[in-house]
Visitor: 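Before I ask anything, here is the structure I am working with.
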Amino acid sequence: RALAHAPGGLLEGATLQKVETFGWQVSHQCPLLDCGELFGKTTSEIRVTAHYTYRIPLAEQLQLRLAKDHYELVVPQLQARTPVAFDTSGMQIRTEKGTWLSPSAGPNREAVVRHLGAELARRAQRPEYLRAGEGSAAATVAEFARKWMTEQIEVPRHPIRVRFGAAAQRVEPGSGA
């Protein structure tokens, strides 16, 4: 059977909240010697609670097939929504200067904030983050399919198992990585 719907939609499948920390370090640049060791470095560290949201792109048709004791539904891989949301009220920034000759703290602090969005977007693509969202997303997709079947065909008599992508592992709805 095919689940039909409007092409191009996205189903929000999972949200992962994670406290993230990363740093930014600068030192003076000298052509012939290591100025970082000579004059010291300035290091800023930022800590935020990131809200990674993963969505499933819905194809024009999704194939739902009956296997002996369950239905199997293959959907595309999860996609991270960017920019990644984060809570500014709990954001913490810490800056340390190596010595009084180290680069100034203000521009380094600005740089760590300026690079935050790109860093969170990069982390959203990590395989372990994607796997962490698959259990919840599988439950969301299975519920979507269950409601569609109930409204369009009949109440499903078997559980729905979701697979992400053609080569993906089977994920039981509600299981986490």
Side-chain angles (χ1 to χ4, degrees), residues 1-24 45-94 112-177:
R1 300 197 180 191
L3 299 179
H5 60 84
L10 293 167
L11 179 63
E12 193 165 294
T15 298
L16 171 65
Q17 288 187 23
K18 186 162 177 38
V19 175
E20 296 284 14
T21 304
F22 80 97
W24 191 260
E45 183 179 273
I46 190 166
R47 182 180 174 102
V48 298
T49 300
H51 301 263
Y52 297 102
T53 300
Y54 293 96
R55 304 180 296 189
I56 298 105
L58 298 175
E60 190 168 327
Q61 285 192 340
L62 298 174
Q63 295 300 316
L64 179 71
R65 71 176 184 83
L66 179 61
K68 296 178 186 174
D69 61 345
H70 67 277
Y71 292 100
E72 184 167 272
L73 179 61
V74 179
V75 297
Q77 293 291 333
L78 292 177
Q79 292 180 353
R81 185 169 120 202
T82 56
V84 173
F86 60 92
D87 183 6
T88 57
S89 68
M91 182 167 62
Q92 300 171 1
I93 304 173
R94 182 178 57 83
V112 77
V113 171
R114 198 170 35 256
H115 289 89
L116 178 61
E119 178 62 21
L120 293 176
R122 186 185 65 74
R123 291 181 184 195
Q125 302 303 322
R126 287 181 173 171
E128 63 270 22
Y129 287 25
L130 290 163
R131 280 191 304 272
E134 282 183 349
S136 176
T140 300
V141 172
E143 182 62 26
F144 173 80
R146 192 175 297 104
K147 284 181 181 178
W148 183 89
M149 287 180 70
T150 300
E151 291 172 6
Q152 301 294 322
I153 305 170
E154 63 184 18
V155 176
R157 292 184 295 256
H158 304 288
I160 298 171
R161 293 186 184 158
V162 176
R163 281 194 312 131
F164 293 95
Q169 298 287 332
R170 181 178 317 167
V171 178
E172 295 295 331
S175 69

Visitor: What pairs with Glu143 under salt bridge (Lys or Arg N to Asp or Glu O under 4.0 Å), at least two apart in sequence or on another chain?
Guide: Arg146
Visitor: I need the full list of ring-ring contact (aromatic ring centres under 6.0 Å, His included) pairs touching residues 115-139, with sequence neighbours left out, sorted by first then second residue.
Guide: Trp24-His115, Tyr52-Tyr129
Visitor: In this structure, are over 12 heavy atoms from other groups packed under 6.0 Å from Arg126 atom CZ?
Guide: yes
Visitor: Checking Glu45 now: which residues fulfil side chain to side chain contact (heavy atoms under 4.5 Å, CB included) with it, not counting sequence neighbours?
Guide: Thr21, Arg94
Visitor: Taking side-chain hydrogen bond (donor to acceptor under 3.5 Å, both in side chains) as the definition, give me every residue that meets it alongside Ser89, ordered by chain and number, with sequence neighbours left out.
Guide: Asp87
Visitor: Residues in side-chain hydrogen bond (donor to acceptor under 3.5 Å, both in side chains) with Arg114, at least two apart?
Guide: none
Visitor: Please examine the side chains of Leu10 and Arg81, heavy atoms only from C-beta on, and report whether any two atoms are closer than 4.5 Å.
Guide: no
Visitor: So, do Val48 and Val19 sit near enough that their side-chain heavy atoms are less than 4.5 Å apart?
Guide: no
Visitor: With a 4.0 Å cut-off, would you call Glu119 and Arg122 a salt bridge?
Guide: yes
Visitor: Taking side-chain hydrogen bond (donor to acceptor under 3.5 Å, both in side chains) as the test, write out the residues that go with Arg55, two or more places apart.
Guide: none
Visitor: Under 4.5 Å between any side-chain heavy atoms of Arg123 and Val84, yes or no?
Guide: no
Visitor: Do Arg163 and Val141 come close enough that some side-chain heavy atom pair is under 4.5 Å?
Guide: no
Visitor: Check whether any side-chain heavy atom of Tyr71 sits under 4.5 Å from a side-chain heavy atom of Met149, and report yes or no.
Guide: yes
Visitor: What's the shortest heavy-atom distance between Val162 and Ala138, and which atoms?
Guide: CG2-O, 3.5 Å
